[in-house]
Each structure stands twice: as C-alpha cells, then as structure tokens.
Amino acid sequence: MENMDLLVLGHTAFDYIMGVKEFSKINTSAIVEKMETFNGGAAGNVAVVASKMGLDVGLISCIGKDFKDSDYEKEMIEEGIDISHMIVSEKANTPTAFVLTNPEDEQMFYFYWGAADEYANTDVPKEAIDNARAVHLATGDPEFNIKSGKYAYENNKLVSFDPGQDLHLYSTKDLEELVKNCNILFGNEHEIEHICFLLEKSIDDLLNEGLDIVVQTLGDKGSTIYAKGEEPLNIEVVPTEAVDPTGAGDSYRASFLSLYLRDNDLKTCGRFASTVSSYIVETQGTQTNIPTADQALERMNNAWPETL
C-alpha cells in the first residue's frame with residue numbers, strides 16, 4: 001500500500017557556503033569574504049522543499065554519526081519527513097559540501113564524501129520504494145541510483161533523475177542504464193548538453209526512446225520543459241534580487257514534482273517551480289527562505305495573472 005508521495009535518494013549534507021571575489025589559482029590563496037554553514041545536500045534539499053509544498057516525503061541518505069541529534073535531523077523530524085531508512089555510518093561524518101561563489105554567480109564545488117561510502121554496501125531499499133508513488137534520484141552513488149531506479153521503474157513508480165554536480169561520476173553506460181529506467185530527467189543547461197553528448201543523442205531522441213519529460217534549467221534565463229510529442233515550453237524566471245543561487249535547482253525539482261504528482265499541466269508545474277526558486281535565491285543557503293505553498297502560489301499568480 002503506497003502511503004508516501006515521494007521518496008528521495010541521494011546526499012544529505014552540511015553546506016559551507018562562501019562568497020569570494022575570485023577563485024584561487026594553484027598554490028595561491030583567495031580571500032573568503034563571507035561564510036555560513038547550512039543544511040543541504042541535493043536530496044535533503046529536495047525532500048525538505050517537497051515536504052513544505054505538501055507532499056508526504058521519505059528520504060534515504062548515507063549520514064554520519066554527527067547527524068544524530070543535529071539541528072538538521074530535528075528539522076526533518078519536525079517537518080514529518082520519513083528518515084527511518086537512513087543509512088548510518090558509525091565511522092565517517094556526514095557528507096559536507098564547500099560551495100564558493102564569485103560576483104558573477106559562477107561556482108566551484110568541493111565535496112567530502114564521508115559516510116556516502118556506505119552506499120557501496122547497501123541493498124536496494126525495496127520496502128521504501130514499494131511504499132512510494134514516485135522516486136527522485138538526486139546526487140549520490142551512481143550504482144546505488146541505477147539499482148534503485150531500475151527497481152522503482154520496473155515496479156511502475158514514477159522515476160526522476162538529476163545527476164547534478166555528480167554527473168562526472170557516471171559513465172556513458174551508467175547514463176544509458178539510468179535514462180532507460182527513468183520518466184523525468186532534470187539538469188541545468190550544461191548537464192543536459194553533456195548527457196546528450198555522451199549518449200550521442202538529442203533531447204528529441206531521449207524522448208522518443210523512453211523519457212517522458214526533460215527539464216532543462218537555464219539560470220537567470222529561466223527553464224525549458226521538453227515533453228514527448230509537444231512543443232518545448234519556455235518558462236521565465238520570476239524577477240527578484242538574487243543573493244545566492246545555491247539550491248535553486250533542487251527547489252525547482254521539488255516544486256515541479258509537487259505539482260506534477262497532483263496532475264497539473266507542465267506549464268503550471270514549471271511556473272510554480274520557477275516561483276519557489278525565486279524565494280530560494282533571495283537569501284544565502286538552500287533551505288533558509290522556503291515559502292509556503294500558498295505564498296508561492298500568490299507570487300506565481302502575480303507574475304502570471306492569466307493563471308488565476
């Protein structure tokens with residue numbers, strides 16, 4: 001019996017987000033002008049935002065001994081996210097991301113894998129997948145994602161995939177396996193282009209050969225949604241003062257899925273996702289300015305009055 005809307009697999013992490021004037025060169029240092037620590041990880045971000053948008057959410061990540069009794073754990077419990085299937089390492093700490101952003105909003109990422117080594121020793125979480133309507137595969141271990149995605153797809157779950165900054169960990173064979181066991185592919189402009197390059201296929205090819213939807217986010221240029229048999233949908237950004245782009249993509253994916261799983265049309269899903277992302281970029285941190293669903297709908301309706 002399914003009683004969970006969305007199961008998210010992938011990294012839950014602590015984020016160190018830093019603002020720099022410039023990136024350092026080899027054997028030199030660069031000044032960090034500001035730094036804060038936040039709750040993060042692509043899967044953690046998606047789970048928290050999707051839950052705040054009204055979905056019943058479960059999350060499976062590899063976490064370290066430092067996660068127990070942390071503020072992050074308490075937040076997830078208070079939010080009602082099912083973390084009963086989390087994979088706990090007794091030796092390593094929770095994965096940690098170091099994100100550097102320059103004034104042009106270009107970013108560099110360093111990631112401490114830590115407890116995520118446990119993915120290699122973990123079986124497909126069949127019980128949790130069986131209990132979910134949809135499964136989202138975020139950044140994480142490729143083999144674990146491939147096995148879990150295949151099981152979910154073969155058992156008629158909606159499967160979405162976003163490789164994010166971990167795209168370089170996937171071989172061409174890995175991507176072929178994942179894409180054929182997937183309904184929705186998310187990625188930014190560079191990631192979708194690179195996936196097409198590696199697979200030697202166009203977006204139309206991917207749709208004709210199995211995918212239902214490809215969502216390509218384009219930063220301040222908005223996003224484009226490609227669906228089988230339909231013209232591409234261009235979704236504008238919601239104008240706002242952007243402070244930090246980190247986490248905007250994760251919030252887009254979570255918000256898109258929150259409406260898609262409620263049978264909304266793709267344009268509405270994209271506009272809602274764009275709207276929620278506009279809140280996320282207004283402050284530093286991926287989970288510090290998540291709106292309520294009502295707040296997001298109000299801003300969306302102001303941006304696109306014809307949706308009323």
Derivation of the side chain to side chain contact (heavy atoms under 4.5 Å, CB included) call for Ile280 and Ile290: CA-CA 6 Å; Ile280 301 302; Ile290 302 171; 3.8 Å; yes

Test log, rule side chain to side chain donor-acceptor pair (under 3.5 Å), inputs Asn155 and Asp130: CA-CA 8 Å; Asn155 284 275; Asp130 290 342; 5.0 Å; no

Side chain to side chain donor-acceptor pair (under 3.5 Å) partners of Ser160, counting only residues at least two apart: His136

Pairing of Lys201 and Glu209 as salt bridge, 4.0 angstrom limit: yes

Summary of ring-ring contact (aromatic ring centres under 6.0 Å, His included) pairs that have at least one residue in residues 73-96, sequence neighbours excluded: none

Donor-acceptor under 3.5 Å (Glu191 side chain, Asn188 main chain): yes

Any pair counted as side-chain hydrogen bond (donor to acceptor under 3.5 Å, both in side chains), so long as it reaches residues 13-26, sequence neighbours left out: none

Candidates Phe161, Tyr226, Tyr252, Phe256 - the one meeting ring pair (Phe, Tyr, Trp, His ring centres under 6.0 Å) with Phe186: Phe256

Ring center gap for Phe98 and Phe109 short of 6.0 angstrom: no

Partners meeting side chain to side chain donor-acceptor pair (under 3.5 Å) with Asp117 (sequence neighbours left out): Trp113

From CA spacing to verdict: side chain to side chain contact (heavy atoms under 4.5 Å, CB included), Asp250, Val49: CA-CA 8 Å; Asp250 297 332; Val49 175; over 6 Å; no

Sequence-distant partners of Lys126, salt bridge (charged side-chain N to carboxylate O under 4.0 Å, His left out), two or more places apart: none

Could you pull out every donor-acceptor pair under 3.5 Å between side chains of residues 230-238 and any protein atom, sequence neighbours left out?
{"from": "Asn234", "atom 1": "OD1", "to": "Thr224", "atom 2": "OG1", "distance (Å)": "3.1"}

